[in-house]
Amino acid sequence: MPTANAASRLQGRVSGVTIVNDNSPGGDATVRVRGFGTINNNSPLYIVDGIPTEGGLSRMNPNDIESMTVLKDASSSAIYGARAANGVIIITTNRGKKGAAKVTFDARYGVQRATNKLDLLNTREYGELVWLETQNDIYLSKNTITKAPWHSNYIFDTNGNVTIPDYILPTAAMEGDPGTDPSLYDYRDDNGSGFYLITPANKEGTVWYDEILEPAPIQEYNIAISGGSENSNYAFSMGYLSQDGIVIHSGFERYAMRANADARLTDWLEVGQTLSVAYTKRKGGVGDNNDEGNVVSQAYRMQPIVPVYDIMGNFAGTKGDNLGNGANPVANATRNKDNWGTDTRIMASGYLQLNLTKELSFKTLMGGDLNNGRWKTFTKRNPEFFEAIQTNGLGEGHGYTLQWNWQNTLNYNTVINGDHTISAIAGTESIDNLYEEFTANRNAFFSEDIDYRYLNVGTSSIANSGWATQYRSFSYFGRINYDFQHKYLLEAVVRRDASSRFHEDYRWGTFPAASLGWRISEESFMDNATWLDDMKVRVGWGQNGNDRVDNYNYWGTYTTGLGQSYYPITGDDTSLASGFYPNKLGNEAAKWETTTTLNLGIDMTMFDNRFEVNLDLYDRVTSDMLYQVQLPHVYGNASRPSVNIGEMQNRGIDLMLTYHGEVSRDLSYTVRANASHYKNEVLKLNDNEDEVLWGETERGNIYTISKAGEAISSFYGYEVEGIFNSWAEADAHPAFGTYNAPGRFKYKNTNDDDEITPDDRVVIGSPHPDLTYGLNMDIQYKDFDLTMFFQGSYGNDLINYVSRWTDYYQFVGNRSPERLYNSWTPERYANGDKIVLPIAETNDTNSQLPNSSFIEDGSYFRMKDLQIGYNLPKSMISKWNVTNVRVYVQATNLFTITSYSGLDPEIRSTNDRHNGLDQGIYPTSQTFMFGVNLGL
């Protein structure tokens, strides 16, 4: 699939692994293995050629990867110790093989396009909605008030017929109005006068999604050379990826190089190395994914009457009366098109192995991972905006991460009497990780030309900052494997880790694991089961530690700043000396978070190895979960430390099925299917059973909670029982202040008292799916090949937070057709018309409270990938001195079946306590590509 992130290629292909993608160019992926084990960082540990890392896989060429192995249960991942509690993904890159040099070249080019956009009102419909809202306001007052329509840029007669003016700035001006004289237009404020803008009305309506979405090219090229001899091998590759975004002025580029080599210098000495260098660049500034302020979200926050450009071709916007506070998304994307962020990543490792005896060897491996990032963001003035930026500014930053790891192992392997196979490993590992960042900002640049975007040109608001953070770990580990006659299998692991994030009294943690396997198919009583090729049952138990908290959690730290701490030491109140104040409270008693997993599994192959079954059942409990406990306000603004109090459980099942079929000599196929289910539950947060961990606040409301007895990031709010249809019905219901009225929501009185209060809020949904699944089909017919890949999710809920903007009176952006045509009115109720929304009014704050009407089914089924390839006949390509030529066409995201009304049901969040909120995501693109694979 054409994706920049290597982890995305696991989506739907491995049971027990949930992956949600960021669809922006070069976007990362959120990977979760067997649910959520902690309220802290749930990301898995990646091991790339022996180098541990926690992500950033978009800065790695996926075509360099030979294999990706996911370790899900503690008995298999325990050997990796610290940071392995959330699973381990082992990535092995391509290495050379014995034989003549092999050269491959791969190229593909394609076009991406958006397939979905929100249905919103045009200009005339918006005016009709303004009139409807006004009449409903009068109705809800029981006709005790008179009220003019709230939007001064629409003209109404007494019957509600709407007239659209020729201009919205000046307000509601018609052609010929003296205020629209182009000679008055002034886009500068440095000539002694203020801005004077003239904006025409778009009478048909601006379709903002059409203005920001466009077809975009994607292209990728890779060349690789590999080979080897009896005692050495090598692999070298280079790759280039360019992906323009379907949102204007966004894009991503990656240049990558890798060189791997191994050599057996003598019978007793082997050496090897890996080296990868990748340079990536993100172009443009469309904003964060899944955020109400990004370019995609501004498309629904802009009213249709606002055009893209004013009369002089400069950007138009919300400067004017009653036009809301949306920002012209075309202007935002265009002004930010020269902003960028770059990353240079160098990963390198080298090893030396001494073969001491036939059975015993010693290996030492040193690895390094350097991430060097830079970013540059220039903010231009936007005089057309309701909340205009008054001065331009430049921000630059530089941050780098340097990590090294050193691993030493003794390996022992032997076979005794042909029946007993023993392998053992003992070793040590040390890791040092340092991150350092520097930022600088200046404002008031005399020119916004790109050639003048340097800090020295700015003349005001000069500021800079810098900080660093570091942690270290050291580990001892050992593992022994015993195999008796290939029937009875035993593995035992113990690892002892030390982390600098804990006080020396609690720095060390010991994490054991063990597993047993029984290959039943080798027993004599299975001799008559000729249909069975292999059958193994497994049971594993193990513990992993997690230390992913603040690097200085046990330290109480202080900081300085005149805004918080000062004193006139000299006695002169005009001369203040900066002091120190508490920045963070420490907890010396914090210790390792421990995840204990019990896993039962069965692996079977049947019918001459045609049918494979892999089934796992697991129970995963995290204890001593590190949690930032609530503290009294007397502690001040100092941030809270993490303490070991919480407990969380995940139970689930993973299933993988594979079938290899052969219809004829020319036609064969393979079908792979997988499905996973998990149930997450917070067992406790602290000793207070009523403790609640709230999610993020969105415009004054909180939509998610984590509390004992519920899943992490459960949706929380009022349960809607229906809509009041009369004053009598509204008056008879428990009061919610003065809210109850016809057309408004009827909130459920869950605690059976005589009023609706925040105490009536309950869990109203869950972002956790009942099932995630994938289906992959490979068909081979002569020289043709066909691949089809489907994946999906079932049973998860989403909160359509975007509908708070489009279905309610929220900052008066654009609105959905449902608010105009399918909201409650007395007439529609009397006529039995379709009603899906409460009454459209300008005082609907309580209708916007987190409630079950925002909950939608997030289930979906997607055709993720379709590829048709053809290998040119050998008789043809032999004339070209090449070994193979394959051409193919490929399509991704061909269709998605879902009932979700938003842009896409695949919503990525980087905060596990705030999952499942759709705040305006970068749309999923449909891609069509043509490619060629060439071998020499």
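When the shell of 6.0 Å around CH2 of Trp406 is examined, it contains 12 or fewer heavy atoms from other residues, nucleotides or ligands. Within 6.0 Å of atom NZ in Lys376, more than 12 heavy atoms from other residues, nucleotides or ligands are found, so the atom counts as buried in its surroundings. Sparse packing is recorded around CE of Met238, with 12 or fewer heavy atoms of other residues, nucleotides or ligands lying under 6.0 Å away.
Relative to the six-membered ring of Tyr240, Arg254 misses at least one condition, a distance below 6.0 Å or an angle of at most 45° to the axis.
Residues Arg495 and Glu429 are paired through a salt bridge, judged by an N-O separation under 4.0 Å between the basic side chain and the carboxylate. Between Arg34 and Asp654 there is a salt bridge, with a side-chain nitrogen of the basic residue lying less than 4.0 Å from a carboxylate oxygen of the acidic one. Using a 4.0 Å cut-off between charged nitrogen and carboxylate oxygen, Arg264 and Glu230 do not count as a salt-bridge pair. Checked for salt-bridge contact, Arg258 and Asp49 meet the test: a charged N lies under 4.0 Å from a carboxylate O. For Arg282 and Asp343, the salt-bridge test fails: no basic side-chain N is under 4.0 Å from an acidic carboxylate O. Looking at Asp616 and Lys72, no side-chain N of the basic residue comes within less than 4.0 Å of a carboxylate O on the acidic one, giving no salt bridge.
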Q: Check step by step if side-chain contact (heavy atoms from CB on, under 4.5 Å) holds for Thr510 and Val494.
A: CA-CA 7 Å; Thr510 303; Val494 65; 4.0 Å; yes
Q: Check the pair Val415 / His420 against side-chain contact (heavy atoms from CB on, under 4.5 Å), numbers first and verdict last.
A: CA-CA 6 Å; Val415 179; His420 308 275; over 6 Å; no
(Q) Is there a side-chain contact (heavy atoms from CB on, under 4.5 Å) between Arg672 and Phe789? Walk through the geometry before answering. (A) CA-CA 9 Å; Arg672 298 179 179 87; Phe789 174 47; over 6 Å; no
Q: Could you give me the CA-CA distance, side-chain angles and deciding distance for Asn599 and Thr597, then say whether side-chain hydrogen bond (donor to acceptor under 3.5 Å, both in side chains) is met?
A: CA-CA 6 Å; Asn599 191 93; Thr597 303; over 6 Å; no
Q: Report the C-alpha separation of Asn893 and Arg862 in whole Å, then their side-chain angles, then the decisive distance to 0.1 Å, and conclude whether the side-chain contact (heavy atoms from CB on, under 4.5 Å) test is met.
A: CA-CA 7 Å; Asn893 301 316; Arg862 173 171 289 158; 3.4 Å; yes
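Counted by atom type alone, Gln403 and Asp432 present zero donor-acceptor pairs between their side chains at under 3.5 Å. No hydrogens or angles considered: a donor-acceptor pair under 3.5 Å links the side chains of Asp22 and Ser24. A donor and an acceptor atom, one from each side chain of Asn551 and Gln470, are nowhere located under 3.5 Å apart. There is a side-chain donor-acceptor pair under 3.5 Å between Arg13 and Asn776. Checking His660 against Glu612 by side-chain atom types alone, a donor-acceptor pair falls below 3.5 Å. Arg59 and Asn371 share a donor-acceptor pair across their side chains, judged by distance under 3.5 Å alone. Side-chain contact annotation: Tyr435 with Glu437, donor-acceptor N/O pair under 3.5 Å present. Neither side chain, Asp64 nor Thr93, offers a donor N or O lying under 3.5 Å from an acceptor on the other. Remark: the Asn408 side chain and the Thr364 side chain contain an N/O donor-acceptor pair separated by less than 3.5 Å.
Residues meeting the side chain to side chain contact (heavy atoms under 4.5 Å, CB included) test with Val932, sequence neighbours left out: Ala107, Val885, Val887. Shown here are the salt bridge (charged side-chain N to carboxylate O under 4.0 Å, His left out) partners of Asp783, two or more places apart in sequence or in another chain: there are none.
A ring-centre distance under 6.0 Å is not found for Phe928 and Phe930.
Checking each of Val48, Val14, Val31 against Ile89 for a side-chain contact (heavy atoms from CB on, under 4.5 Å) leaves exactly one that passes, namely Val31. For the side chain to side chain donor-acceptor pair (under 3.5 Å) criterion with Arg95, the lone passing option out of Thr274, Asn233, Asp262 is Asp262.
Residues Asp533 and Asn609 approach most closely at OD2-N, 2.5 Å, considering heavy atoms.
The backbone N or O of Gly87 sits nowhere less than 3.5 Å from a side-chain atom of Ser77 that would complete a donor-acceptor pair. Judged by distance alone, the side chain of Asn546 and the main-chain N or O of Arg548 form a donor-acceptor pair under 3.5 Å. Without hydrogens or angle criteria, Glu906 side chain to Asn21 main chain gives a donor-acceptor distance under 3.5 Å. Distance alone, capped at 3.5 Å, places no donor-acceptor pair between the Ser226 side chain and the Gly96 backbone.
Atoms CG and CG, on Asp547 and Asp497 in that order, are 8.0 Å from each other to the nearest 0.5 Å.
In this structure the side chain of Ser499 never reaches within 4.5 angstrom of the side chain of Phe474, judged on heavy atoms. Side chains of Ser43 and Arg32 form a contact here, defined as non-hydrogen atoms less than 4.5 Å apart. The shortest side-chain heavy-atom distance between Asn372 and His398 falls under the 4.5 Å cut-off.
Using a 30° and 60° split on the angle between ring planes, Phe105 and Tyr221 fall in the parallel class, below 30°.
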